[in-house]
Every structure is written in structure tokens, then in C-alpha cells.
Number of protein chains: 2
Amino acid sequence: MTAPATTRGRLVRAASELLEEAGYATASVAAIAERAGLATGALYRHFPSKAELFVEVFRNVAEAELVAMESAAERSSGFEERLAAVIRTYATSALRNRRLAWALVYEPVDPLVDAERLAYRRRYCAGMADLLREGVRTGAIPEQDVEVAAAAVVGAIAEALVGPLSPLPGGAQSEPAIVAAIVGFCRGAIGLTAGSRGKESTS
Amino acid sequence: MTAPATTRGRLVRAASELLEEAGYATASVAAIAERAGLATGALYRHFPSKAELFVEVFRNVAEAELVAMESAAERSSGFEERLAAVIRTYATSALRNRRLAWALVYEPVDPLVDAERLAYRRRYCAGMADLLREGVRTGAIPEQDVEVAAAAVVGAIAEALVGPLSPLPGGAQSEPAIVAAIVGFCRGAIGLTAGSRGKESTS
DNA sequence: TTGATCTGTGAATCCCGATTCACTAGCCTG
DNA sequence: CAGGCTAGTGAATCGGGATTCACAGATCAA
């Protein structure tokens, strides 16, 4: 986000940008190096392989994402607010950059990078499970299988936001509306009273 | 499922099997041909490319899946039963063969094959949206954004079942329990009263 | 029987992107 | 300034899998 002072930093930056713009597949070593203003060989002075470079890219992005969600959770108090804040944070960020979100969640990558992504998802899912557990403990939501519920919540958000079926491509809707619909969906899903469910009037 | 009478059929069969067993990446032309008892070149007598072969494979599997779900829906009456039947059908089949389900939903494939997969998901999602719309119309579930809800339901199921975070790999649970948890989750998600939510007792 | 067409063979070829490597340029240190 | 280090160059190499192709056998119609 700030200054890619070092060459290494510029490479990471270039790789991130290409990932955002055109996906992992298009982010060839040649392209990355060129964008960083280097020749292909130089990349290997800084990373043992393309995969390792992307491990770092993924780690960066994922870390930032997780931090944002954690701080969002801390900023709000009470189970319901926390849940909404976490979902909204993720949803908003994913919506801001769909391609990146897609790469982070679904896009095919080397096994090495995949491991990183998996770790990220696990942490995200674990965090969600913790949150749900808290809700169950305090009686905010009914007894339930929090592991499955957490996975399902994560999946629901991901699919609704970045999946190939996501609403925008087809029947355009405003982003806030989508986010609201998702929050409502998830609330109901885990047993909170529903509140608004996105669409107020029959269209 | 029945007789791979024609050579073409044997190729499709072989490709499906390899897809199930080890995924798209491992299903090289050489491997497919070998399993079908042919030399690599022969494949090209029947399909213009590997991708086109897999388009057919995907189409077959997806078609069967959709038919199964439709017939499940028709066999049951009333919104709640229909919904449960559809989810249970999908969940059960995915659980029976996770690898295939994964390939069908997430695994990296050529653009050509991807288009086929996308079409399949769209149809599935559209079906779900129709079902939800019916629910809204009959008053079984509250007014809501059925498009987003349908996508979220599909995503929740997929993630909970075949996603890398899915419960089985880690903390083993019985399949029926997972299916039940998912059905409960989805019921709540769209605004049905929850009923059982999978876990009856605090573990 | 002849030859035309179809199906199959499998080694050779192509393609394409990651990786290597011989070499250059700047820079610090004694 | 020589020697040694780091950073960088970009063409050549490598690897792996899809695709092609020159060459059979088999079948069938005339």
C-alpha cells in the first residue's frame, strides 16, 4: 500500500497487481518482472521460485484481510453487532476487488500457494466458529454445529460475492443491497431473528 | 453407468473415472487413452481436443445430478419437503464422491470446460431461486432477495461439503449429521423456523 | 482382388512458461 | 587499482503435456 522501497517489494507489488488485474494464470514471471522494471532472471535473486513469491503475496493480502476483520469485530460490542461487522468487512472488501477475492478463494494455483490459501481460510473459518461459539454460549443463538455452520457461512459469503453466480454480472444490484442481503441470510442461517432480508417490496 | 459400447463412450468413461480418482490435473491424455485401452492418438479420432472430451464428461455428470435433484423435488410435496429433498440429494451425492464434486465445482479446468461448469451452476442456482420464489409466493418463507439467497445456499452447501474447510478431513463426523446440519442451516437462512440444528447436546 | 475409408498406433513435434547461466555493471574495501 | 561482492541481464535450456502424423490393420463395396 505504501512504498515499494526495495526491489523485492516491487516484485511483490507487481505480482499483486497482476493477480488483481488478470489472475494468477496471466501473471507470468516475465510479466511480473517487466512490471517491476526488471529482467526475468532478477526475480530469482529474491525468490527461489515463482510459487514462493506468490506465497508472500497471498500472505500479505490475507493477513491484511484478517486484521481488518479482527479489528472490526473488536470495534463492535455484543454478538449481533460483531457478527454483522465481520461479515460486512469481508463482503465490502471482496466487493471492492472481486478479482483479488476470487484469486484468494478459488483460483487455481500451485500447491505451495494453495497451502497458504488453505491456512488463511482455516483461520477465517476458525474465527467464525469462535464467534458462533460465543453466540451459543451467551445464548444469542441456538445450540448448533458451529463447525459446519462456520464453513457454511464462509461458503455462502464467498459464493454470493465472488462466485461465478454472483448477482452483479447478471441482474445488477447495488453493493450495499447485496451485503445487506448476505448479512440477513447469515443471521437467519445461524438462528438469529431475521430482521430485514434485503428486498422490501415485491418487484 | 451402463455399457461403454462405443470407443467414444469408453473414452468418456475413462476420463470420468480418472477425474474421480485423481482430479483433472492428473487426467492426462495419455492416462485417459491408456485406461480406455487405446493409444493417445486415437483420442483425437473422437474428440478435437482434450477440453472437448471433458466438456462432455462434465455435461454428463452435471446432467445426471440435475435430473436427480429435479426428480427428488417432484417426489416430495410442499415447500419445506421439496427444499429438504433437493439439498439432501445434492449433499448426499457430493458426499458419496467428494473428489468428483470438487472437480465439478471448484477444480481448475480449461476455459472451455469452465464454461460448461458455469452453465451447470447457473442452472442449479436458477432452480434453487425458483424454489425459493415459490416459497415466498406461498408465504412459506419471508420476502427476500431470492437471487442472493439462492447463491448463498448453493455456496454454503458447496463449501460445507467439498470446500477445503469441510469438516470431515479434520474432526470426523457422520455424513447424515453433516447433511442434517446443512439442511438446518439453510432452513434458517431463508427464514424457516429452524427445527433441529444438528448438534443436540453440548459435546 | 482392389482400393477406399475408418480406426488405431506411438514416436516425434510443438508449445509455452519456469528456470538457469554466462556475463555485465556498479560499488565497497583494503 | 585489484579483488570481491551484490544486483541485474536476457537468451538458452528444460520439462511436461497436448497435438500431429506417417504408417498399419480391418472392413466393406464394387
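Chain letters run A, B, ... following the sequence lines, proteins first and then strands; every chain starts at 1.
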Can you check the [X] [atom1] to [N] [atom2] distance for me, whole Å?
{"X": "B:Glu34", "N": "C:dA11", "atom1": "CD", "atom2": "C1'", "value": "16 Å"}
{"X": "B:Leu18", "N": "D:dG17", "atom1": "CG", "atom2": "C1'", "value": "15 Å"}
{"X": "B:Leu38", "N": "D:dG25", "atom1": "CG", "atom2": "P", "value": "18 Å"}
{"X": "B:His46", "N": "C:dT7", "atom1": "NE2", "atom2": "P", "value": "6 Å"}
{"X": "A:Arg10", "N": "D:dG8", "atom1": "CZ", "atom2": "P", "value": "7 Å"}
{"X": "B:Ile32", "N": "D:dT19", "atom1": "CD1", "atom2": "P", "value": "10 Å"}
{"X": "A:Phe47", "N": "D:dG8", "atom1": "CZ", "atom2": "P", "value": "12 Å"}
{"X": "B:Tyr24", "N": "D:dG17", "atom1": "OH", "atom2": "P", "value": "13 Å"}

Who passes salt bridge (Lys or Arg N to Asp or Glu O under 4.0 Å) against B:Glu116, sequence neighbours left out?
B:Arg59
Closest listed nucleotide, where the reference is the side chain of B:Ala39 and the choices are C:dG8, C:dT9, D:dG8:
C:dT9
Listed partners of [X] passing side chain to side chain contact (heavy atoms under 4.5 Å, CB included), at least two apart:
{"X": "B:Ala22", "answer": "B:Thr26"}
{"X": "A:Ser71", "answer": "A:Arg75"}
{"X": "B:Glu70", "answer": "none"}

If a pair satisfies ring pair (Phe, Tyr, Trp, His ring centres under 6.0 Å) and one of its residues is in residues 48-80 of chain A, list it, with sequence neighbours excluded.
A:Tyr24-A:Phe54
State, to 0.1 Å, how close A:Ala73 and A:Arg82 come at their nearest heavy-atom pair, and which atoms those are.
O-CG, 3.1 Å
Which nucleotides of nucleotides 12-27 of chain C have their base under 4.0 Å from a protein heavy atom (B), which only their sugar-phosphate (S), and which neither (-), written as one string 5' to 3'?
------SBB-------
